[in-house]
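Report on the structure given below.
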Amino acid sequence: MLARIKIRNYRNFNEGSPIEIKVNKGVTFILGVNNVGKSNLIKLFYEFSDIFRSTKMENNDNNPFLLQGATGDVRFSELRSQNNTERFIEIIINVGNEYKIKILPWSRYTEDTNKVQLELYKNSQNVSLIEYDEMPIIWSLFRKSIYIGAHRTPFFSNKKKESGFLTQLYNMRNSDQFVNTWHSWSTGRLVKNRKKIQQLKKELQLILGFSELNISTTTDNFIIDNEYGSFRLDELGSGISHLIISLGNAVFSEPDFIFIDEPENSLHPKLQEAFVRSLSLRASYGVIATTHSIGLARTMGDFVYTLVKEENIEFPKFNLVDFSEQSHLEISKAVIQLGYSKYLNLGGSHILLVEGRTDIKVFKELLAKFHIENEVIVIDLGGAEYVTGKTERIQTELQEYKRLGAESYSIIIDSDLNSSEEEVSDTKKKFTKFCKMLGFDVFITEYRSTENYISQKALDKVYGKNVKQSLGKFQSFKNLEPDKKWAKVDNWKLFNIMEIEEIEDTKLFKFIEKLSIVIGENR
């Protein structure tokens with residue numbers, strides 16, 4: 001965990017019901033019903049970003065960090081909870097030391113201003129500044145981040161020229177500002193910027209499934225050329241605008257964190273996964289998203305929480321709970337909840353079961369190297385302990401998949417082998433035999449685990465040369481020196497940059513190649 005943020009007396013989280021959010025590396029999803037405050041939880045990082053504005057971090061000066069008294073373009077009266085008479089907002093940031101920032105209106109006579117007074121406490125002691133070496137993660141959250149709201153379709157109209165309407169949407173470029181930035185990056189003198197725009201165009205072409213795609217700019221709009229013709233961006237569906245405006249801003253900002261409301265908006269289920277994947281590739285630390293899609297959260301989230309509201313006599317109480325604690329689902333129930341039968345009807349006609357949640361994105365990357373990621377539904381079994389479960393439960397749950405009518409069913413599990421001479425455990429042998437009887441094609445990794453396939457070359461590209469250490473074929477991740485380990489939530493990014501030649505001599509490669517042949521035959 002990178003940090004814990006607690007907010008009090010902000011919007012719907014009043015003085016008597018503070019809310020705490022855990023900030024992790026990777027992709028985090030927050031589930032919840034409408035109007036429970038999900039958006040407020042991530043919007044706060046934008047709305048309080050100006051408090052942390054400073055040239056000290058930008059210039060990398062090794063000096064103490066001083067807060068400033070402003071809340072950007074949002075008035076204090078809009079931020080303070082309306083369900084309480086207390087005239088303050090409190091943010092508590094725990095990054096090892098605990099910092100409490102108390103935000104008060106500048107004037108005792110009015111709250112309709114963005115000018116505020118600040119009181120700062122470190123471990124309950126009143127201080128005047130935050131030390132530089134304790135600031136980076138706070139800076140990343142509040143200043144080196146972007147917030148993408150639920151309403152993000154770009155606005156292109158002659159009327160906006162008169163009013164400047166929507167040139168900036170939160171801290172995202174929009175309208176003319178976005179067009180101009182895209183043009184300057186794609187045609188300017190900086191080679192790295194031109195390459196990033198070219199890479200994004202290629203990625204958009206793959207995500208959208210066009211055989212050809214070119215994106216150019218006019219003075220105030222985009223021209224999209226594909227195999228169907230030439231179109232202005234405002235002539236196309238909101239989903240394409242959604243992708244271009246969001247991913248373009250992620251490229252321009254190079255953020256540490258991306259906060260986004262409902263990434264599933266206006267997108268086909270297959271595009272939702274690809275969109276979140278593309279966003280997270282462009283965020284150094286990760287993505288924190290709100291969603292109504294349990295399926296998307298379970299498939300793409302490294303961490304999934306649910307924001308729940310408990311009615312109280314005096315005021316509502318809010319809690320952010322781990323989704324796994326709130327919902328202990330059998331696989332059969334998860335299938336219904338995820339709506340996979342509907343997904344099958346939309347074209348995902350093959351099912352692949354993997355051990356844990358982080359494995360989902362890993363195998364999506366491996367499937368993508370064979371261009372079959374959109375035809376395979378990848379679902380986690382809930383962890384390695386599933387394999388050792390009761391036979392009756394496994395039989396009942398796996399048979400539920402057979403009722404979906406997929407064209408093929410596969411399972412991949414780790415061998416946990418310590419050497420090439422060792423045999424897999426009797427439990428895994430029994431599980432494999434049983435699954436094959438039910439019609440599942442089972443692959444047990446020839447190396448110890450998924451991590452053992454990650455190359456040193458990929459680790460060097462992500463972390464720097466020899467900063468992290470790759471594993472031997474049967475080496476346990478636990479036995480690596482602590483400073484040589486990497487975050488497992490980054491596994492998928494490592495597989496993303498690996499070349500297919502790096503695994504083509506493995507049985508894992510041959511298993512996925514066989515699956516791709518089966519899919520090709522069924523097309």
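One is the number of the first residue; the rest follow in order along the sequence.
Checked for salt-bridge contact, Asp50 and Arg143 meet the test: a charged N lies under 4.0 Å from a carboxylate O. Ionic pairing of Lys488 and Asp302 is not present here: no N-O contact between side-chain nitrogen and carboxylate oxygen is shorter than 4.0 angstrom.
No donor-acceptor pair under 3.5 Å is formed between the side chain of His350 and the backbone N or O of Ile377.
A tilted orientation is assigned to the rings of Phe370 and Phe509, their planes being inclined by 30° to 60°.
Annotation: Asn466, atom CG; neighbour count of heavy atoms from other residues, nucleotides and ligands within 6.0 Å is above 12. Heavy-atom neighbours of Tyr228 OH from other residues, nucleotides or ligands within 6.0 Å: at or below the threshold of 12.
The distance between the ring centers of Phe13 and Phe318 falls below 6.0 angstrom. Residues Phe142 and Tyr46 place their aromatic rings such that the two centres sit no closer than 6.0 Å. Between Tyr463 and Trp486, a ring centre-to-centre spacing not shorter than 6.0 Å is recorded. For an aromatic pair to be called close, the ring centres must be under 6.0 Å apart, and Phe252 with Phe178 satisfies this.
Contact of the Glu20 side chain with the Arg4 side chain is registered, since non-hydrogen atoms from C-beta on lie closer than 4.5 Å. Arg277 is not listed as a side-chain neighbour of Lys361, based on a closest heavy-atom distance of 4.5 Å or more. Using a 4.5 Å heavy-atom threshold, the side chains of Trp182 and Ile215 count as touching. Side-chain contact between Leu508 and Leu366 is present, with heavy atoms from C-beta onward closer than 4.5 Å.
Here the straight-line distance linking atom CD1 of Ile197 with atom CH2 of Trp185 works out to 6.5 Å at 0.5 Å rounding.
Residue Met498 comes nearest to Ala458 through the heavy atom pair CG-CB, 3.5 Å, listed as atom of the first residue, atom of the second, then distance. Between Ser230 and Ile223, the closest heavy-atom pair is OG-CG2, 3.3 Å.
A salt bridge (charged side-chain N to carboxylate O under 4.0 Å, His left out) check over residues 191-219, counting only residues at least two apart or in different chains, returns the pairs Lys196-Glu254, Glu203-Arg282.
Qualifying salt bridge (Lys or Arg N to Asp or Glu O under 4.0 Å) partners for Glu111, counting only residues two or more places apart in sequence or in other chains: Arg80, Arg87.
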